[in-house]
Chemist: 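The structure is given below, and queries will be raised subsequently.
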Amino acid sequence: MSAPRTTTAPPASPLIESEDRRALREAVAALGRRYGREYFQRKARANEPVEELWADAAKLGYLGVNLPAEHGGGGAGISELAIVLEELGAAGCPLLMMIVSPAICGTVIARFGTEEQKRRWLPGLADGSKVMAFGITEPDAGSNSHRIGTVARRDGEDWLLSGRKVFISGVDHADAVLFVGRTEDARTGKLKPALFVVPRDTPGFEYRAIPMELTAPERQFQVFLDDVRLPADALVGDEDAGLLQLFAGLNPERIMTAAFTLGIARYALDTAVGYARTRTVWDRPIGTHQGIAHPLAQCAIEIELARLMTQKAAHLYDAGDDLGAGEAANMAKYAAGEASCRAVDQAVQTLGGNGLTQEYGLAALITATRVGRVAPVSREMILNYVAQHTLGLPRSY
Ligand SMILES: Cc1cc2nc3c(=O)[nH]c(=O)nc-3n(C[C@H](O)[C@H](O)[C@H](O)COP(=O)(O)OP(=O)(O)OC[C@H]3O[C@@H](n4cnc5c(N)ncnc54)[C@H](O)[C@@H]3O)c2cc1C
């Protein structure tokens, strides 16, 4: 006779979450349930920030869970921050600005900022009282970030930053934006990437909302930087290591985007499964029909696979393996984006007409999940990355 299977919790490993992380999941899920989809949709329709949820999540230490403890954060990692975002999304409240403010900006400043920059920004990012947006995308560069034309020139001790950005999320409610620009190498004259923190009220910084077909609390903006004068310490980290610093922020961005879309996917799947269990139009619930049940089962499998990949990417990142995390984070973002587009599509189909009503809160997720396919790096650019770096195939561009 085989030994009885144990009923105690399995030991923690990168594949199996520790008790602490499971407890964090449950606590965040409880907060998410207190607010719920209806609250989020109301705010989203009014294009208002979800201030109350943001403040509560911050008060409980969730928003800064990845930031260093000596600067007011929780001292944990991107794994924990991704759990927070996924669980809030699964409750119907996906907080896009978590990808940007604590994950990209907080990480870059914590890892590469001066002591003064850390003191100035991290406590506020951790307790949610400050929000920082992130601006890399440009109208004439798009996916080709080597073509970025935002340039910082020295003017005495100061910098003068000029350029244009597009699709920058949440500028209107941010205290500052972390911009990716370029500086000129004094020796070679070549332009190299560099990161600048620009407070939103700096003269010469203008922004205009882009009308988007998204129902979300955050809006996207065009930004115009016209000889924006910045003090020397607006530059984050080392002028010569801009690319390295940028990548330190982009891996968390991809991991968090995966968590964002996974949360949405779980919300959609839960809603669909709940509906399929009870909705009866013949003599049994529609979930009995394999035409409804199998696609939902497929979604559940794809979501779980994407979650595992996301956990792997977060684990590698938290362990300090930026290179290994790069491949995993790209794969996780891709897998989560695809899984969530399919889950939302199938959920809408499962609910029939109700899939498109405001009451069930699914229709707005169709465009929300599409964002995960396009941003912060498109599905095609991830396939390019994997083809080139994982498979060693030649590059087409
Ligand atoms: C809701 C939303 C929020 C965003 N928030 C931010 C933000 O806060 N900060 C920020 O900096 N940016 C943000 N972005 C911008 C986002 O990162 C870009 O939209 C994305 O990087 C793609 O750039 P693009 O839109 O210029 O598309 P393009 O680069 O013009 O690409 C268009 C299409 O061509 C494909 N393509 C391009 N090059 C290749 C190639 N070599 N091989 C194969 N296919 C290719 C792309 O995959 C895509 O399908 C946001 C975008 C959205 C939609």
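Counting convention: from 1, in listed order, for ligands and their atoms alike.
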Chemist: If you measure from each heavy atom of Pro376 to ligand 1, is any distance below 4.0 Å?
Modeler: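 So Pro376 counts as touching ligand 1.
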
Chemist: Check each atom of ligand 1 against the heavy atoms of Asn384 and keep those under 4.0 Å away; list them by number with element.
Modeler: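 It comes down to these atoms of ligand 1: 40 (C), 41 (N), 42 (N), 43 (C).
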
Chemist: Look at atom 39 (C) of ligand 1 and say which protein heavy atom is nearest, naming residue and atom and giving the distance to 0.1 Å.
Modeler: Met381 SD, 3.6 Å

Chemist: For Gly135, counting its heavy atoms only, list the atoms of ligand 1 lying under 4.0 Å from any of them.
Modeler: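 Near Gly135, the atoms of ligand 1 are 11 (O).
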
Chemist: Nearest to atom 53 (C) of ligand 1, what protein heavy atom do you find, and at what distance?
Modeler: Met212 CE, 4.1 Å

Chemist: Nearest protein heavy atom to atom 20 (C) of ligand 1, by residue and atom, and its distance?
Modeler: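 The closest one turns out to be Val374 O, 3.5 Å.
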
Chemist: May I ask you to decide whether Lys43 forms a salt bridge with Glu48, counting only side-chain N to carboxylate O separations under 4.0 Å?
Modeler: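 Yes, Lys43 and Glu48 are salt-bridged.
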
Chemist: Decide, yes or no, whether a salt bridge links Lys59 with Asp56 under the criterion of side-chain N to carboxylate O below 4.0 Å.
Modeler: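 Result for this pair is yes, salt bridge flagged.
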
Chemist: If the threshold is 4.0 Å, N to carboxylate O, is there a salt bridge linking Arg200 and Asp175?
Modeler: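 Between Asp175 and Arg200 there is no salt bridge, as every charged N stays at least 4.0 Å from the carboxylate O atoms.
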
Chemist: Measure the distance from atom 8 (O) of ligand 1 to every protein heavy atom, then report the residue, atom name and distance (to 0.1 Å) of the closest one.
Modeler: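 Closest protein heavy atom to atom 8 (O) of ligand 1: Ser169 N, 3.0 Å.
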
Chemist: What is the closest protein heavy atom to atom 6 (C) of ligand 1, and at what distance does it sit?
Modeler: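 For atom 6 (C) of ligand 1, the nearest protein heavy atom is Phe167 O, 2.7 Å.
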
Chemist: Can you tell me if CD on Gln349 sees more than 12 non-hydrogen neighbours from other groups inside 6.0 Å?
Modeler: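 No, the 6.0 Å shell around CD holds no more than 12 heavy atoms from other groups.
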
Chemist: Quick one: do Val344 and Leu362 satisfy side-chain contact (heavy atoms from CB on, under 4.5 Å)? Show the steps, please.
Modeler: CA-CA 7 Å; Val344 168; Leu362 286 178; 5.7 Å; no

Chemist: For the 3.5 Å polar cut-off, considering only N or O atoms, please tell me whether Glu380 and ligand 1 meet it.
Modeler: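 Yes - when backbone and side-chain N and O of Glu380 are compared with those of ligand 1, one distance drops under 3.5 Å.
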
Chemist: Does the ring of Tyr267 carry Arg37 above it, NZ/CZ under 6.0 angstrom from centre and within 45° of its axis?
Modeler: yes

Chemist: What protein heavy atom lies closest to atom 9 (N) of ligand 1? Include the residue and the distance to one decimal.
Modeler: Phe134 O, 2.8 Å

Chemist: Is the Tyr275 to Tyr360 ring centre distance short of 6.0 Å?
Modeler: yes

Chemist: Is Arg219 salt-bridged to Asp172, cutoff N-O under 4.0 Å?
Modeler: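 Result for this pair is yes, salt bridge flagged.
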
Chemist: Is Ile136 close to ligand 1, meaning an N/O of one under 3.5 Å from an N/O of the other?
Modeler: yes

Chemist: Of the listed options (Thr137, Leu214, Leu96), which comes nearest to atom 15 (C) of ligand 1 when hydrogens are ignored and any heavy atom counts?
Modeler: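 Of the listed residues, Thr137 has the closest heavy atom.
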
Chemist: Please list the nearest protein heavy atom to atom 31 (O) of ligand 1 with its residue and the distance rounded to 0.1 Å.
Modeler: Ser143 OG, 3.8 Å

Chemist: Within the structure, does at least one protein heavy atom fall under 4.0 Å of atom 41 (N) of ligand 1?
Modeler: yes

Chemist: With the threshold set at 4.0 Å, does a side-chain nitrogen-carboxylate oxygen contact exist between Glu338 and Arg373?
Modeler: yes

Chemist: Which option, Pro139, Gly142, Ser145, Ala375, owns the non-hydrogen atom nearest atom 24 (P) of ligand 1?
Modeler: Gly142

Chemist: Please indicate, with yes or no, if any protein heavy atom is found under 4.0 Å from atom 34 (O) of ligand 1?
Modeler: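 It does not; no protein heavy atom is within 4.0 Å.
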
Chemist: Less than 4.0 Å from atom 51 (C) of ligand 1, is there any heavy atom belonging to the protein?
Modeler: yes

Chemist: Specify side chain, backbone, both or neither for Lys165, according to which of its non-hydrogen atoms lie closer than 4.0 Å to ligand 1.
Modeler: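 The answer is neither.
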
Chemist: Any nitrogen or oxygen of Ser378 lying under 3.5 Å from a nitrogen or oxygen in ligand 1? Just yes or no.
Modeler: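 Among all N and O atoms of Ser378, at least one is under 3.5 Å from an N or O of ligand 1.
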
Chemist: Which residue is it: Phe134, Phe205, Trp159? I am looking for the one with a ring pair (Phe, Tyr, Trp, His ring centres under 6.0 Å) to Phe196.
Modeler: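 Result: among Phe134, Phe205, Trp159, Trp159 is the only option passing the ring pair (Phe, Tyr, Trp, His ring centres under 6.0 Å) with Phe196.
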
Chemist: Could you list which atoms of ligand 1 come closer than 4.0 Å to a heavy atom of Ile168?
Modeler: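 Taking each heavy atom of Ile168 in turn, ligand 1 has 7 (C), 8 (O), 9 (N), 10 (C), 11 (O) under 4.0 Å.
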
Chemist: Should Val171 and Met97 be counted in the same cluster of Ile, Leu, Val, Met, Phe, Trp and Tyr side chains packed under 4.5 Å apart?
Modeler: no

Chemist: May I ask you to say whether Lys118 pairs ionically with Glu70, meaning some side-chain N is under 4.0 Å from a carboxylate O?
Modeler: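 Between Glu70 and Lys118 there is no salt bridge, as every charged N stays at least 4.0 Å from the carboxylate O atoms.
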
